[in-house]
Amino acid sequence: MSVASPGVRREGKPARIRRAAPERRASPCRPGHGYAAVAGMAWARRRLLPARGDQRRPSGTLKAVFFIFASLCAWYSGYLLAELIPDLPLSSAVYSIRSIGERPVLKAPAPKRQKCDHWTPCPPNTYAYRLLSGGGRDKYAKICFEDEVLIGEKTGNVARGINIAIVNYVTGKVTATQYFDMYEGDNSGPMTNFIQSAPSKSLLFMVTHDDGSSRLKEDAKRVIEALGSKEIRNMRFRSSWVFLAAKGFELPAGIQREKVNHSDNVKNRYSGWPAEIQVEGCIPKGPS
């Protein structure tokens, strides 16, 4: 068998063409190639740029500086707060701190006290008065004139029965006070004489405490009725009664002068006694 020489086609079969092998590039990892250059570039990059972990976490020195700065700020804030707050108890200091920034609350001033505890002041050139009957056994009657208690528990001149005060209408000065027991003893006659002895131009104030009718006689009723009373004949056992009278002159028509409250076992405020009653107002002064 004969061997065909290269490049010569054999009869009946095409000749094979050999392709040249591709040229292999030099690997950077092999010695003698670009490995040294690549390694040098990576080393330079690590030197110039910090690691990722170092970028996220501050250094220990920066932490220490920040801690010292925060401590100084806290100390200075406490110092300023201590200087601004006065020396007060702890509760007051806490309340002062809590009130910082709150809206100020506007409070209305306390109402000024008026004469004889009136709600509104009396006009000029008038006398303020207030009559209060007793309530039960322990709430004593009271007569107030121009903010002065003429008869009451504090003055020690109030008792069971009818309590009377006489005031000079021109000067506004009290001239006499007296109480008359109408439950025991014969005091209706002395009370009649006391009322009749009041000089002209006098104001008479009458209030009951406990019982003021059991021993009240007809002559006393006539005298009080002559002064303008409409209720003296309607008085019953333990009725609460107040009365303002004028002797020698007439009072204005609009002034509160008289009230009565009868004892009623169903409606009584106290056990056996009705509720106390009162009248108050302003009396125009007369010419001096």
Side-chain angles (χ1 to χ4, degrees), residues 115-118 122 125-134 140-182 185-213 215-233 235 239-252 255-260 276-288:
K115 292 180 179 180
C116 294
D117 296 325
H118 283 198
C122 283
N125 297 319
T126 58
Y127 295 124
Y129 71 94
R130 183 168 180 253
L131 309 180
L132 178 67
S133 69
Y140 290 92
K142 184 168 68 173
I143 297 174
C144 178
F145 181 78
E146 278 295 275
D147 213 27
E148 179 184 357
V149 178
L150 307 182
I151 288 179
E153 184 179 7
K154 291 183 178 180
T155 54
N157 57 350
V158 62
R160 180 178 60 188
I162 298 179
N163 298 261
I164 303 175
I166 301 174
V167 175
N168 187 307
Y169 173 64
V170 178
T171 63
K173 302 296 182 182
V174 60
T175 57
T177 60
Q178 188 64 47
Y179 58 85
F180 301 92
D181 190 351
M182 291 294 149
D186 186 9
N187 297 307
S188 182
M191 186 183 72
T192 302
N193 296 333
F194 180 78
I195 294 173
Q196 291 176 333
S197 66
S200 181
K201 298 284 184 179
S202 293
L203 293 167
L204 291 89
F205 303 96
M206 306 182 191
V207 294
T208 59
H209 178 71
D210 195 352
D211 177 47
S213 64
R215 294 181 178 270
L216 184 64
K217 295 182 179 179
E218 180 63 25
D219 57 346
K221 293 180 181 180
R222 284 199 302 266
V223 170
I224 296 174
E225 191 175 35
L227 291 173
S229 174
K230 306 295 183 183
E231 301 289 348
I232 190 63
R233 293 189 178 276
M235 292 273 288
S239 291
S240 294
W241 175 69
V242 294
F243 177 53
L244 164 63
K247 186 176 182 180
F249 68 100
E250 293 292 331
L251 290 171
I255 290 181
Q256 291 186 356
R257 299 186 59 181
E258 187 176 25
K259 277 186 179 181
V260 67
E276 56 268 50
I277 55 173
Q278 70 174 11
V279 295
E280 63 180 32
C282 308
I283 304 172
K285 294 181 179 180
S288 56

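Lys173 NZ to Glu148 CD: the interatomic distance, rounded to the nearest 0.5 Å, is 7.5 Å. Here the straight-line distance linking atom CE of Met235 with atom CD1 of Ile224 works out to 8.0 Å at 0.5 Å rounding. Distance OG/Ser240 to NZ/Lys259: 12.0 Å, rounded to 0.5 Å. From Asp147, atom CG reaches atom CG of Asp117 across 7.0 Å, with rounding to the nearest 0.5 Å. Distance CD/Gln196 to CE/Met191: 10.5 Å, rounded to 0.5 Å. Rounded to the nearest 0.5 angstrom, Arg257 CZ and Lys230 NZ are separated by 8.5 Å.
Formation of a donor-acceptor pair under 3.5 Å by the Glu146 side chain with backbone atoms of Ala128 is found in this model. At least one donor-acceptor pair closer than 3.5 Å links the side chain of His118 to the backbone N or O of Tyr129. No donor-acceptor pair closer than 3.5 Å links the side chain of Ser133 to the backbone N or O of Val242.
More than 12 heavy atoms of other residues, nucleotides or ligands shown are found within 6.0 angstrom of CD on Glu218. Remark: Tyr127 OH is packed, more than 12 non-hydrogen atoms of other residues, nucleotides or ligands lying under 6.0 Å away.
Nearest heavy-atom pair across Val223 and Ile195 is CG1-CG2, 3.6 Å. Nearest heavy atom pair, residue Ser202 against residue Pro199, reads OG-O, 2.6 Å. Considering all non-hydrogen atoms of both residues, Ala165 and Thr177 come closest at CB-CG2, 3.9 Å. Here the closest non-hydrogen pair linking Met182 and Asp211 is O-OD2, 3.8 Å. Contact detail for Ile162 and Gly212: the closest heavy-atom pair is CD1-O, 3.6 Å. Residues Asn157 and Asn163 come closest through the heavy atom pair O-OD1, 4.0 Å.
Applying the side-chain hydrogen bond (donor to acceptor under 3.5 Å, both in side chains) rule to Gln256 yields no partners; only residues at least two apart in sequence or on another chain are considered.
The shortest side-chain heavy-atom distance between Arg215 and Asn187 does not fall under the 4.5 Å cut-off. Here the side chains of Leu244 and Leu251 are in contact, with some heavy-atom distance below 4.5 Å. Looking at Ile164 and Gln178, their side chains never come closer than 4.5 Å, going by heavy atoms from C-beta outward. Counting heavy atoms from C-beta outward, Ile151 and His209 have side chains that stay 4.5 Å or more apart. No side-chain heavy atom of Arg130 sits under 4.5 Å from any side-chain heavy atom of Lys115. In this structure the side chain of Thr208 never reaches within 4.5 angstrom of the side chain of Ser213, judged on heavy atoms. Arg233 has its side chain within reach of Arg222: a pair of non-hydrogen atoms, C-beta onward, lies under 4.5 Å apart. The shortest distance between side-chain heavy atoms of Glu258 and Trp241 falls below 4.5 Å.
Contacts classified as ring pair (Phe, Tyr, Trp, His ring centres under 6.0 Å) and involving residues 189-208 (residues at least two apart or in different chains) are given here: Phe145-Phe205, Phe180-Phe194.
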